[in-house]
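Read the structure below first, then the notes.
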Amino acid sequence: MLFDLAFIWAGLIAFAVMTYVILDGFDLGIGILFPFAKSEADRDLMMNSVAPVWDGNETWLVLGGGGLFAVFPLAYAVIMPALYIPITVMLLALVFRGVSFEYRWRVQNKGVWDIAFFGGSFLAALCQGIALGALVQGIEVTDRAYSGGWFDWLSPFSILTGVAVVIGYALLGATWIVLKTENDIQVQMRKWSWWLGAATLVLIGIISIVTPLLDPVYFDRWFNLPGSLWTMVVPLLMLGLIWKFFTGLNDQRDLQPFLCALGFFVVSFIGIGVSFYPMMVPPTLTIWDVAAPDSSLAFALVGAVILIPIILAYTAYAYWVFRGKMDPSEGYH
């Protein structure tokens with residue numbers, strides 16, 4: 001065909017997953033930070049800051065998972081058995097979190113639902129990081145089917161990536177609160193942003209060092225000339241974001257730290273793409289190995305071309321309508 005449909009769909013699914021991470025990441029991060037708020041009024045304000053957009057953010061998760069099932073069925077059939085436990089726990093955590101979001105406003109004693117909101121956010125973030133680590137370290141495949149054990153996903157590396165995602169999401173949540181609030185809670189979250197930013201960057205650095213050692217292909221991508229001249233753009237971008245992030249915090253700018261924290265995730269995502277491509281299921285199955293027939297890809301692409309711009313427009317409109325600082329006396333809920 002004139003266009004490589006499998007490559008286009010891999011890009012669309014990667015875009016959906018990345019968009020989910022950067023949008024729902026700060027949403028989950030607010031839940032992770034929930035127990036550390038100084039008062040119930042602060043917790044109300046934190047939750048209200050994402051009330052208009054939190055459910056729409058998860059549309060991208062559905063799009064990524066549904067797209068994987070529809071256009072890369074073999075990848076779905078291999079990845080899901082390998083990650084059943086973390087994926088199931090993540091989905092249950094998101095359900096509990098969503099229920100707590102609604103019930104917390106309708107009961108006298110909010111304590112139980114505060115715990116559910118924190119627990120659901122924490123577990124969802126942890127499981128997402130563990131699933132990512134398990135995918136990066138490789139999935140055992142024999143005769144185009146998963147051949148590993150129930151707990152192959154659990155390893156020191158996957159736990160490390162799980163912790164990194166939890167702390168990274170907390171960073172996104174803290175910088176979002178800096179952007180959306182004023183007064184004492186903003187001062188508190190600005191301090192938290194500094195330490196969470198430092199911890200996130202340390203963990204990104206450790207994972208970046210360990211990842212090339214997991215597979216010779218990864219190592220060649222990053223350290224073999226002349227290809228490494230291109231891959232060095234990734235750490236250079238990260239260095240620029242680090243500088244802007246900390247100067248933004250020190251200069252008490254509200255938007256700059258949040259955008260830079262999002263940038264940490266985007267650049268890290270690009271780094272994963274550098275290591276992975278063209279593999280869809282490392283270390284053996286490529287995009288073209290797991291793709292559906294071209295006729296199916298073309299049919300699904302028609303729907304995606306219509307649907308994705310609508311979702312983008314709705315998302316942009318929602319954030320535009322609810323832009324600006326939160327008013328503690330009003331709220332959005």
Side-chain angles (χ1 to χ4, degrees), residues 13-14 16-32 34 54-104 112-142 144-170 173 207 265 269 272 276 280-282 285 290:
I13 291 176
V17 172
M18 184 184 70
T19 305
Y20 168 76
V21 167
I22 63 177
L23 291 182
D24 209 39
F26 67 82
D27 186 350
L28 292 170
I30 287 172
I32 293 167
F34 219 55
W54 73 273
D55 47 354
N57 291 341
E58 294 178 0
T59 303
W60 297 100
L61 180 63
V62 175
L63 182 62
L68 184 69
F69 175 78
V71 300
F72 296 112
L74 180 58
Y76 185 90
V78 172
I79 292 172
M80 286 304 297
L83 302 177
Y84 267 142
I85 295 176
I87 294 298
T88 300
V89 172
M90 179 198 74
L91 293 175
L92 289 173
L94 290 174
V95 169
F96 272 97
R97 183 176 171 279
V99 171
S100 68
F101 216 111
E102 298 301 327
Y103 273 69
R104 184 179 180 275
V112 172
W113 298 111
D114 285 351
I115 294 170
F117 186 60
F118 163 74
S121 301
F122 176 85
L123 281 176
L126 182 66
C127 289
Q128 287 175 21
I130 288 174
L132 172 63
L135 187 61
V136 171
Q137 72 188 11
I139 293 176
E140 188 174 342
V141 177
T142 303
R144 296 165 63 87
Y146 176 62
S147 56
W150 275 97
F151 294 97
D152 284 8
W153 54 270
L154 189 62
S155 69
F157 180 77
S158 67
I159 296 297
L160 177 65
T161 55
V163 172
V165 169
V166 169
I167 294 176
Y169 280 1
I207 292 169
F265 277 83
F269 199 85
I272 293 171
F276 267 34
M280 177 67 80
V281 184
L285 297 178
V290 299

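Quick caveat: nothing in here was measured; it's all calculated off a predicted structure. All residue numbers in this chain count up from 1 along the given sequence.
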- [ ] May I ask you to decide if Gly149's main-chain N or O and Asp152's side chain share a donor-acceptor pair within less than 3.5 Å?
- [x] yes
- [ ] Answer yes or no: is there a donor N or O on one side and an acceptor on the other, between the side chain of Thr161 and the main chain of Gly129, under 3.5 Å?
- [x]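 Yes; at least one donor-acceptor contact below 3.5 Å.
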TODO: Report yes or no: do Ser158 and Gln137 form a side-chain donor-acceptor pair below 3.5 Å?
DONE: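 Their side chains do not contain a donor-acceptor pair, so the 3.5 Å distance test is not met.
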TODO: May I ask you to check whether Phe34 and Phe117 place their ring centers less than 6.0 Å from one another?
DONE: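 Ring-ring flag for Phe34/Phe117: true, centres closer than 6.0 Å.
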Rounded to the nearest 0.5 Å, what separation is found between the [atom1] atom of [X] and the [atom2] atom of [Y]?
| X | Y | atom1 | atom2 | value |
| --- | --- | --- | --- | --- |
| Leu28 | Phe118 | CG | CZ | 12.0 Å |
| Leu154 | Ile130 | CG | CD1 | 6.5 Å |
| Asp24 | Asn57 | CG | CG | 5.0 Å |
| Phe101 | Asp27 | CZ | CG | 6.0 Å |
| Leu123 | Ile32 | CG | CD1 | 10.0 Å |

Can you give the donor-acceptor pairs under 3.5 Å from side chains of residues 63-87 to other protein atoms, not counting sequence neighbours?
none

TODO: Determine, stepwise, if the pair Val95 / Met90 fulfils side chain to side chain contact (heavy atoms under 4.5 Å, CB included).
DONE: CA-CA 9 Å; Val95 169; Met90 179 198 74; over 6 Å; no
- [ ] Report the C-alpha separation of Phe269 and Val17 in whole Å, then their side-chain angles, then the decisive distance to 0.1 Å, and conclude whether the side chain to side chain contact (heavy atoms under 4.5 Å, CB included) test is met.
- [x] CA-CA 10 Å; Phe269 199 85; Val17 172; 4.0 Å; yes
TODO: Just do the side chain to side chain contact (heavy atoms under 4.5 Å, CB included) check on Val141 and Tyr146 with the steps written out, would you?
DONE: CA-CA 5 Å; Val141 177; Tyr146 176 62; 5.7 Å; no
- [ ] Taking all heavy atoms of Val89 and all of Cys127, pick out the closest pair and write down the distance.
- [x] CG1-SG, 3.5 Å
TODO: Measure across Ala116 and Phe96 and return the closest heavy-atom pair with its distance rounded to 0.1 Å.
DONE: CB-O, 4.5 Å
TODO: Only pairs at least two apart or in different chains count here, so list each side chain to side chain donor-acceptor pair (under 3.5 Å) that has a residue in residues 112-135.
DONE: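 Residue pairs passing side chain to side chain donor-acceptor pair (under 3.5 Å), neighbours aside: Tyr20-Gln128, Arg97-Ser121, Arg104-Asp114, Gln128-Tyr169.
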Open item on the list: What I'd like to find out is whether the side chain of Ile207 reaches to under 4.5 Å of the side chain of Phe157, using heavy atoms alone.
Closed with: yes
Task: Note, Trp60 side chain near Val21 side chain (heavy atom, < 4.5 Å) - done: no
